[in-house]
Amino acid sequence: MTCITAKRLSFAAAAALALGSVTAPAAAQMRAILPTIDQVEPLGSLPIDGVWEIREIGERIVIDNGHAYAEDGWVHMMLFQIEPEQVVLQNIRELADGDFIAQDLPLMSAVKFEWIDEDTLRARTEALIPMTYHLERVSGGPRSDWTDPDDDGRDDRDDDDSRSTSIQR
């Protein structure tokens, strides 16, 4: 085990002890201080524009014109409530190799997205304690011919109704 790995493990153990164990559903202590989608300047469309699910937490984000915002909101790190339409990824840019970079605002880190397959991106942060998470395409974008299996085979790109893509819980 390297010294850096030992330090990371020690920090993670200390954080776990400080936070204690949680047996009840998480309740945020305060609203996250993040901009809303209407407070950021659009950067232009990207091939990853659309709805994505963060696999590890089961929450959805919408990538649109260089930024991503929360679709329904969630509790982040047991402390902050991320609300719908708050920006969670900012300044998303496509690299020459087809991967993407951005700023992950809740994690306060630069992040690089690499394709795993046609509809999955792996994100790796460049923070003090690097994190990895995955985005799975739900709808949108030119790389996918996504149709909702519960929608009788209709192509959602042609939908002009006002149904929400959110999950009822």
Side-chain angles (χ1 to χ4, degrees), residues 15 25-148 155-169:
Q29 302 299 313
M30 66 181 68
R31 180 180 184 267
I33 302 172
L34 299 171
T36 59
I37 193 63
D38 60 336
Q39 293 173 320
V40 295
E41 191 69 30
L43 299 178
S45 65
L46 293 167
I48 59 172
D49 282 358
V51 180
W52 294 79
E53 183 170 302
I54 304 170
R55 179 193 305 170
E56 288 74 8
I57 61 173
E59 298 294 345
R60 290 184 178 189
I61 61 172
V62 177
I63 298 177
D64 185 34
N65 291 314
H67 308 291
Y69 59 91
E71 184 179 67
D72 293 321
W74 63 85
V75 175
H76 176 70
M77 304 291 263
M78 298 183 292
L79 184 61
F80 298 106
Q81 176 66 43
I82 295 176
E83 296 178 349
E85 297 190 3
Q86 281 190 315
V87 175
V88 293
L89 294 171
Q90 190 168 288
N91 300 325
I92 304 170
R93 307 242 187 245
E94 186 171 13
L95 301 174
D97 63 3
D99 292 339
F100 297 85
I101 56 171
Q103 288 295 316
D104 189 310
L105 299 182
L107 295 176
M108 296 183 286
S109 175
V111 63
K112 182 175 182 184
F113 295 94
E114 300 172 321
W115 290 105
I116 292 178
D117 61 39
E118 186 175 283
D119 292 318
T120 306
L121 288 166
R122 177 178 45 230
R124 292 187 175 154
T125 67
E126 298 174 7
L128 177 61
I129 299 176
M131 298 185 73
T132 299
Y133 59 92
H134 299 83
L135 298 181
E136 295 177 337
R137 189 187 308 270
V138 174
S139 67
R143 290 190 118 194
S144 172
D145 291 329
W146 184 85
T147 56
D148 185 345
D155 188 345
D156 279 357
R157 291 174 294 173
D158 296 329
D159 266 356
D160 60 352
D161 62 11
S162 60
R163 288 181 301 135
S164 171
T165 58
S166 65
I167 296 175
Q168 299 297 322
R169 294 176 195 213

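Please read these numbers as outputs of a predicted model, since none were measured by experiment. Counting begins at 1 with the first residue of the sequence.
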Could you give me the CA-CA distance, side-chain angles and deciding distance for Met108 and Thr125, then say whether side-chain contact (heavy atoms from CB on, under 4.5 Å) is met? CA-CA 9 Å; Met108 296 183 286; Thr125 67; over 6 Å; no
How far does CD1 of Ile57 sit from CD1 of Ile82, to the nearest 0.5 angstrom? 7.0 Å
With sequence neighbours excluded, residues passing side-chain hydrogen bond (donor to acceptor under 3.5 Å, both in side chains) with Gln39: Thr36
Below 4.5 Å, heavy atoms only, C-beta onward: do Phe100 and Val111 meet side chain to side chain? no
Which atom of Ala70 lies closest to which atom of Glu83, heavy atoms considered: CB-O, 3.6 Å
Spatial distance of atom CG (Leu135) from atom CD1 (Ile48) [nearest 0.5 Å]: 8.0 Å
Under the criterion side chain to side chain contact (heavy atoms under 4.5 Å, CB included), which of Gln103, Glu126, Met131, Arg124 is the partner of Ser109? Glu126
Pair Asn65, Leu43 - check side-chain contact (heavy atoms from CB on, under 4.5 Å), show working. CA-CA 5 Å; Asn65 291 314; Leu43 299 178; 5.6 Å; no
Taken in chain and number order and not counting sequence neighbours, the residues that satisfy side-chain hydrogen bond (donor to acceptor under 3.5 Å, both in side chains) with Asp64 are none
Indicate the atoms forming the closest heavy-atom contact of Gly66 with Asp49, along with that distance. N-OD1, 4.5 Å
Check whether any side-chain heavy atom of Ile63 sits under 4.5 Å from a side-chain heavy atom of Ile92, and report yes or no. yes
Pair Leu34, Val87 - check side-chain contact (heavy atoms from CB on, under 4.5 Å), show working. CA-CA 6 Å; Leu34 299 171; Val87 175; 5.6 Å; no
Could you tell me the separation between the CD atom of Gln86 and the CD atom of Gln81, rounded to the nearest 0.5 Å? 8.5 Å
Donor-acceptor contact below 3.5 Å, side chain Asn91 vs main chain Ala102: no
From Leu121 atom CG to Lys112 atom NZ, the distance as rounded to the nearest 0.5 Å: 12.0 Å
Would you confirm whether Trp115, through its side chain, and Thr120, through its main-chain N or O, come within 3.5 Å as a donor-acceptor pair? no
Mind checking whether Tyr133 and Phe113 have parallel, tilted or perpendicular rings, split at 30° and 60°? perpendicular
Under 3.5 Å, is there a donor-acceptor pair between the side chain of His67 and the main chain of Glu41? yes
Value for OG (Ser139) from CG (Asp119), rounded to nearest 0.5 Å, stands at 10.5 Å
So does Pro84 get a backbone contact from the side chain of Glu71, meaning a donor-acceptor N/O pair under 3.5 Å? no
Can you give me the closest heavy-atom contact between Glu85 and Tyr69, atom names plus distance? CA-CD1, 3.7 Å
Nearest heavy-atom neighbours spanning His134 and Ile116: CD2-CD1, 3.5 Å
Could you give the distance from CD (Glu114) to CD1 (Ile101), rounded to the nearest 0.5 Å? 12.0 Å
Can you list the steps and then say if Asp104 with Val88 is a side-chain contact (heavy atoms from CB on, under 4.5 Å)? CA-CA 6 Å; Asp104 189 310; Val88 293; 5.6 Å; no
